[in-house]
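The structure appears right after this line, and notes come after that.
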Amino acid sequence: MWRKLRNAAWNYRRLLFMLATPPLLLPLPLMIATKESYCAFVLLLMAIFWTTEVIPLPITAMFPAILFPAFGIMTSSQVATAYFKDFHFLLIGVICLATSIQKWGLHRRVALRLVGAVGVKPAWLTLGFMSGCGFLSMWVHNTSAVTMVMPIAEAVLRQIRRAGEGGRGEHDDLQLAGKKHRHHHLHQHQKPLRCQNSMTPTCAACVTAPPSEPMVAKAMCIGVAYASNIGGIATLPGTSPNLIFSEIYPECRCVDFGKWLALCLPVSALALLLTWAWLCCLRLLWRCRGQLSQREKAARKVIRDEYAALGPMSGQEVFTQVVFCLMVLLWLTRSPGFVPGWAAFFPHAGYVTDATVALVLGVLFFLVPAHGPSKVMRMMMRVHPESMISWEEFQASMPWKVALLVGGGFALAEGTKVRRSGLSRWVSELLSPLGDLPPLATVAVACIIVTMVTELASNATTITIFLPILSPLAEGIRVNPLSVLIPATLCTSFSFLLPASNPPNAVVFAYGHFSVADMVKAGLGANVIGLLVVLLAVSTWGVPLFSLDTYPDWAPPFNATVP
């Protein structure tokens, strides 16, 4: 009987947890009964539900629309306006571009070009795939970047495996650690050959001994997953936490595409290179110089064949590439800071943002015909001519879940800052003693906490929970809020330990080339690398870029709240 009850409790654990959590938090609004406690109740409830995912994340994001009017914190109309921000227009424009890139195959051409440029030795091949995925994730969603690159990587690994089997005549089955994807075959085991005079897998005396193919597969696949997160931090639209952060202080006009790129592109490049070096050391991918092995020749062949199969660049790819370059150029030159940008030619220059550029160019994909005049005329005889992308294709690519989740975060942050709740002021005063610590130490502690939480919750959820907490922390210790929020936002993307930490990790794990233990071992070093690089950036070149050493005038005074 007890076993049946235990099994029933386990099967209905989500329902039990969902029903038990609100009563446990009810003493907060019932016993204290202040606006601060009401807002704290909503914040804690949403944080717990978001972290545990007992109900879908977008549904939890709707709680402010229900609870804030009920508690008298904000009216229903005020909450509704907080859900839709400039972020959503920027996201729509970027998704239009990403849809066209994926529809017309430009991502394959870019990825194969980058992979072929670095070489086919195991270490360089891993760097090529990491660079390709990192570059794509700067402009498209991280999960989309992984789904674009992994089929190419899998084809290369399959060809390497076949070449290795044919060259040695060995057919020892290997049951790799971890779950196997149901669409993939078992891999063949190849132990690294050892020199008689050395205990290392390769040495100068035996240059033809390649690293084990499972080791190459592990490093390459884990590297692709990590690169999607590392590459996304380089640009504002690259990942959801960046865009969520950009809306936390609407009065701050210093965060734009150009300055963010100047700060985070070196962070992304340095973190990616150091993570690649860490994977190389961990997986023993380095080889001594020598002639290309059969596996490397097979890898080079499949990359060349895949690229040749694409044929010459189509008109659709050319148009997509032109729009992409134009979008980046307009973002960089809108308001560069050191010289007047093109936005200064408008009567109200401050009204034009990066979202305006993304939306204008994104609409072009619906207006421009996908084919030439002759084919368009023939199509007009029968049906409506095809545009570069259709609404159905855009809908399939648009992350509506992220849009709602981010909207809920905006509403939650707005509720903590309004005068009726007073939660922001209360947290600011509570955390003011932390001002005795060195600012960099406070930033480091915040980054470590965020990095730990993001392993268990999604990146967007983590930053949505912590921004309303870290903002009053920075105000309470009298430091520039950007000096705390920027590193915390970047560290939110460093979820490297578990396959369930983010969708890119899960997608790559499904291919079955590595186990959870492999990812944990590699992820510990990658987390440390990312954290150190971020702290280096915000304490050096980030200071003059965002004036991090001064308390800005757009931030509220210590004893006031944001209106």
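Distance alone, capped at 3.5 Å, places no donor-acceptor pair between the S100 side chain and the L97 backbone. In terms of modelled atom types and a separation under 3.5 Å, the side chain of N242 and the main chain of T235 share a donor-acceptor contact.
Taking the side chain as every heavy atom from C-beta outward, F84 and F89 approach each other to under 4.5 Å. Two residues are said to be in side-chain contact when any heavy atoms from C-beta on lie closer than 4.5 Å; N502 and N142 fail this criterion.
A side-chain contact (heavy atoms from CB on, under 4.5 Å) with T143 is found for exactly one of S137, S228, P503, namely P503. Tested against T454 for a side-chain hydrogen bond (donor to acceptor under 3.5 Å, both in side chains), the candidates N527, N459, N229 yield a single pass: N459. With Y249 as reference, S471 is the one residue of S471, P552, C254 to meet the side-chain contact (heavy atoms from CB on, under 4.5 Å) rule.
T275 contributes atom OG1, which lies 5.5 Å from atom CE of M130 (distance to the nearest 0.5 angstrom).
We find that E392 and K103 are not joined by a salt bridge, their nearest charged nitrogen and carboxylate oxygen being 4.0 Å or further apart.
Annotation for M313: atom CE counts as buried by contact number, over 12 foreign heavy atoms lying within 6.0 Å.
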Checklist entry - Passes side-chain hydrogen bond (donor to acceptor under 3.5 Å, both in side chains), E317 versus T320? Steps please. => result CA-CA 5 Å; E317 290 179 86; T320 303; over 6 Å; no
Next on the checklist: Between W260 and F245, does the ring pair (Phe, Tyr, Trp, His ring centres under 6.0 Å) criterion hold? Intermediate values first, please.
Outcome noted: CA-CA 12 Å; W260 186 272; F245 153 77; 5.5 Å; yes
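In this structure, the ring of F394 has its center less than 6.0 angstrom from the ring center of W391.
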